[in-house]
Protein chains: 2
Amino acid sequence: MIRTVAALKENSVKDNNDMPGHLARRFQQIAVAVFLAEVGDAGFDLTPVQYAALATIKANPGLDQVTLAGLIAYDRTTITGVIDRLVQKGLIERRASPRDRRARELEITDEGRRTLRKITPAVESAQRIMLRGLSAKEGEELMRLLRKAIAAGNELSRAPLRE
Amino acid sequence: MIRTVAALKENSVKDNNDMPGHLARRFQQIAVAVFLAEVGDAGFDLTPVQYAALATIKANPGLDQVTLAGLIAYDRTTITGVIDRLVQKGLIERRASPRDRRARELEITDEGRRTLRKITPAVESAQRIMLRGLSAKEGEELMRLLRKAIAAGNELSRAPLRE
DNA sequence: CAATATTGCTCAGTATACTGACTATCAGTA
DNA sequence: TACTGATAGTCAGTATACTGAGCAATATTG
């Protein structure tokens, strides 16, 4: 099918399916739904955002909130609530940093470690399901293109990735 | 770099960059930021979601909320607020349907039409910017793969696309 | 070392998204 | 026609995201 601006009806808007922004929203919507379904079926109550935060805290013990936000590209005002909920679920601990009294150090708890371990199969299953329409090669290509587009646009959002 | 499960450190989680769900979130985040920046610079205050709704209402005069939601894959509980805001901005009108007293008919106003026309360059510019890291061919391929993955996962979210 | 700038975090407000429940209405059928 | 089920829309509650503002503490600099 021809999909160029010239081919569109006069006065008409580009079809949603030609808008990368719309496709991004739609794919993300499905990705979240699949994640929640798989994780929920496995008996856990954790969102994709909470999972990424938890996994990153485990991999970087004692990191502060801003660093965590940078590692997963969350806004610093968003991370506050995410951490609140992880603390409330007993999966992490938040305590004042001894070196910088502005900062809070984050640490995973044993319960958090246990949850992370048991939840992993469901998370991996979810990643497979959200790509189920694609061949393995296509899935890899999709991820490659997303990574490339994201790298080029990193600084355009308020919450860029910081290594 | 080798990116297989077997190659990961024991006990470690997959890298975020290997998670299609994470990449989806990140790309969408950038897409929204770029859209708001371009549209804002052009002097308009419209979100991606509001834009898609407005464009779809224009293309389908008199449609009801559920049909609109289906055409752009929004949840029916989300569309209520989106429409509220479009009405409040004077871009659309919502009135009771004469045929079905449960339903509301949606119609674009002249102001909405004018806005849509003037905003289009900014919207198209935004779509280009969010793909600026990719060649034209890669951009097309990314959209193709997203469309394919979305088609296969359409029924997995609460708000599937309905033609 | 005092003034200034920057940083870490939080908060209030707004806008998607979704869950689950509810009302009003409509459609199909016994 | 009375009953049943489905549908259109809304609402309350929760969880991302972001804007913009603000406080406290640290870093920088004249």
Side-chain angles (χ1 to χ4, degrees), chain A residues 21-22 24-37 40 45-53 63-70 72-86 88-89 94-106 156-160 162, chain B residues 21-22 24-37 40 45-53 63-70 72-86 88-89 94-106 156-160 162:
Chain A
H22 184 80
R25 184 190 146 278
R26 197 73 189 85
F27 185 56
Q28 218 260 329
Q29 180 182 44
I30 291 167
V32 171
V34 169
F35 185 101
L36 292 177
D45 173 32
L46 213 62
T47 67
V49 160
Q50 289 165 15
Y51 170 80
L63 86 175
D64 65 295
Q65 294 187 192
V66 167
T67 304
L68 170 61
I72 47 188
Y74 290 5
D75 193 277
R76 69 184 189 288
T77 63
T78 302
I79 209 86
T80 301
V82 175
I83 290 173
D84 283 348
R85 287 180 279 279
L86 287 174
Q88 210 240 315
K89 289 175 182 177
R94 167 161 54 181
R95 52 169 183 273
S97 163
R99 283 179 301 279
D100 185 339
R101 274 185 297 169
R102 291 170 302 183
R104 316 298 194 84
E105 284 185 353
L106 306 173
L156 301 178
S157 81
R158 170 160 143 166
R162 300 285 179 224
Chain B
H22 184 80
R25 184 189 145 281
R26 198 72 189 83
F27 185 56
Q28 217 260 329
Q29 181 182 43
I30 291 167
V32 171
V34 168
F35 185 102
L36 293 177
D45 172 32
L46 213 63
T47 67
V49 159
Q50 289 165 15
Y51 169 80
L63 86 176
D64 64 295
Q65 297 187 190
V66 167
T67 304
L68 170 60
I72 46 189
Y74 293 3
D75 194 275
R76 72 184 188 285
T77 63
T78 300
I79 209 86
T80 301
V82 175
I83 290 172
D84 282 348
R85 287 180 279 279
L86 287 174
Q88 210 240 314
K89 290 175 182 175
R94 166 162 54 182
R95 53 169 182 272
S97 163
R99 283 181 301 280
D100 185 339
R101 274 186 299 168
R102 294 169 302 178
R104 317 297 194 85
E105 284 185 353
L106 305 173
L156 301 178
S157 80
R158 171 161 143 166
R162 300 281 178 228

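The model shown is predicted, which means the values in this text are computed figures rather than measured ones. Order of the sequence lines sets the chain letters (A, B, ...), proteins ahead of strands, with each chain counted from 1.
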Participant: Between D/dT16, C/dC9, D/dG9, which nucleotide gets closest to the side-chain atoms of A/Q50?
Facilitator: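 Closest nucleotide among those given: D/dT16.
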
Participant: Take the protein atom CD1 of A/I83 and the nucleotide atom C1' of C/dG8, then report the distance between them rounded to whole Å.
Facilitator: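 Going from CD1 in A/I83 over to C1' in C/dG8 covers 11 Å.
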
Participant: Considering residues at least two apart in sequence or located in another chain, which fulfil the ring pair (Phe, Tyr, Trp, His ring centres under 6.0 Å) criterion with A/F35?
Facilitator: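 If we apply the ring pair (Phe, Tyr, Trp, His ring centres under 6.0 Å) test to A/F35, skipping adjacent residues, the hits are A/Y51.
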
Participant: If I take atom CZ in residue B/R162 and atom C1' in nucleotide D/dA8, what distance separates them, rounded to the nearest angstrom?
Facilitator: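 Atom-to-atom, B/R162 to D/dA8, this comes out as 15 Å.
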
Participant: Between A/T47 and D/dT16, is there a contact of a side-chain N or O with OP1 or OP2 at under 4.0 Å?
Facilitator: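 Answer yes for this pair, as a side-chain N or O of A/T47 is under 4.0 Å from OP1 or OP2.
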
Participant: Report the residues that fulfil side chain to side chain contact (heavy atoms under 4.5 Å, CB included) with B/A33, sequence neighbours left out, ordered by chain and then residue number.
Facilitator: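 Scan of B/A33 (side chain to side chain contact (heavy atoms under 4.5 Å, CB included), adjacent residues dropped) gives A/S157.
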
Participant: Examine D/dG9: is either OP1 or OP2 under 4.0 Å from a nitrogen or oxygen in the side chain of B/T80? Give yes or no.
Facilitator: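 Checking B/T80 against D/dG9: no side-chain N or O falls below 4.0 Å of OP1 or OP2.
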
Participant: I want to confirm an ordering. Mapping B/T67 and A/R85 to their closest nucleotides on DNA chain D, which one lands closer to the 5' end?
Facilitator: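 So the residue in question is B/T67.
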
Participant: Run the side chain to side chain contact (heavy atoms under 4.5 Å, CB included) test against B/R76 and tell me which residues pass, sequence neighbours left out.
Facilitator: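 With neighbours one apart ignored, the set is B/R158.
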
Participant: List in chain and number order the residues that pass side chain to side chain contact (heavy atoms under 4.5 Å, CB included) with B/V82, two or more places apart in sequence or in another chain; answer none if no residue qualifies.
Facilitator: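 Per chain and number, B/V82 pairs via side chain to side chain contact (heavy atoms under 4.5 Å, CB included) with B/V49, B/Q50, B/A53, B/T78, B/R85, B/L86.
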
Participant: For B/Y51 and C/dT16, what is the distance between atoms OH and P respectively, to the nearest whole Å?
Facilitator: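 Spelled out: OH on B/Y51 to P on C/dT16 is 15 Å.
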
Participant: Note the angle between the end axes of the helix from C/dC1-D/dG30 to C/dA30-D/dT1, five pairs defining each, rounded to 10 degrees.
Facilitator: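 Inter-axis angle at the termini of the helix from C/dC1-D/dG30 to C/dA30-D/dT1: 10°.
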
Participant: How close or far is atom C1' of D/dT14 from atom CG of A/L46, stated in whole angstroms?
Facilitator: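 Computing the A/L46:CG to D/dT14:C1' distance gives 15 Å.
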
Participant: Could you encode protein contacts along nucleotides 17-27 of chain D as a string, one character per nucleotide from 5' to 3', using B for base contact, S for sugar-phosphate-only contact and - for no contact, with a heavy-atom cut-off of under 4.0 Å?
Facilitator: BBBBB--BBS-

Participant: Side-chain N or O of B/R104 versus OP1/OP2 of D/dT10: is the shortest distance under 4.0 Å?
Facilitator: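 Checking B/R104 against D/dT10: at least one side-chain N or O falls below 4.0 Å of OP1 or OP2.
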
Participant: What verdict does the side-chain contact (heavy atoms from CB on, under 4.5 Å) test give for A/R26 and B/I72, after you've listed the backbone C-alpha separation in whole Å, the side-chain angles of each residue and the deciding distance to 0.1 Å?
Facilitator: CA-CA 9 Å; A/R26 197 73 189 85; B/I72 46 189; over 6 Å; no

Participant: Under the side-chain hydrogen bond (donor to acceptor under 3.5 Å, both in side chains) rule, collect the residues that match up with B/R25, sequence neighbours excluded.
Facilitator: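 Per chain and number, B/R25 pairs via side-chain hydrogen bond (donor to acceptor under 3.5 Å, both in side chains) with no residue.
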
Participant: Taking the nucleotide of DNA chain C with the closest heavy atom to each, which residue, A/A103 or A/D84, is nearer the 5' end?
Facilitator: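 Counting from the 5' end, the first nearest nucleotide belongs to A/A103.
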
Participant: Can you tell me the distance, in whole Å, between the NZ atom of A/K89 and the P atom of D/dA15?
Facilitator: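 Interatomic distance, NZ of A/K89 to P of D/dA15: 7 Å.
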
Participant: For A/T67, check side-chain hydrogen bond (donor to acceptor under 3.5 Å, both in side chains) against everything at least two apart and list the hits.
Facilitator: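 Partners of A/T67 by the side-chain hydrogen bond (donor to acceptor under 3.5 Å, both in side chains) criterion, ordered by chain and then number, come out as A/D64.
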
Participant: Please list, chain by chain and in numerical order, all residues satisfying side chain to side chain contact (heavy atoms under 4.5 Å, CB included) with A/V32, sequence neighbours excluded.
Facilitator: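 Applying side chain to side chain contact (heavy atoms under 4.5 Å, CB included) to A/V32 gives A/Q28, A/L36, A/P48.
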
Participant: Can you tell me which residue among B/L68, B/L106, B/V66 is in a side-chain contact (heavy atoms from CB on, under 4.5 Å) with B/I79?
Facilitator: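 It is B/L68, the one option of B/L68, B/L106, B/V66 that forms the side-chain contact (heavy atoms from CB on, under 4.5 Å) with B/I79.
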
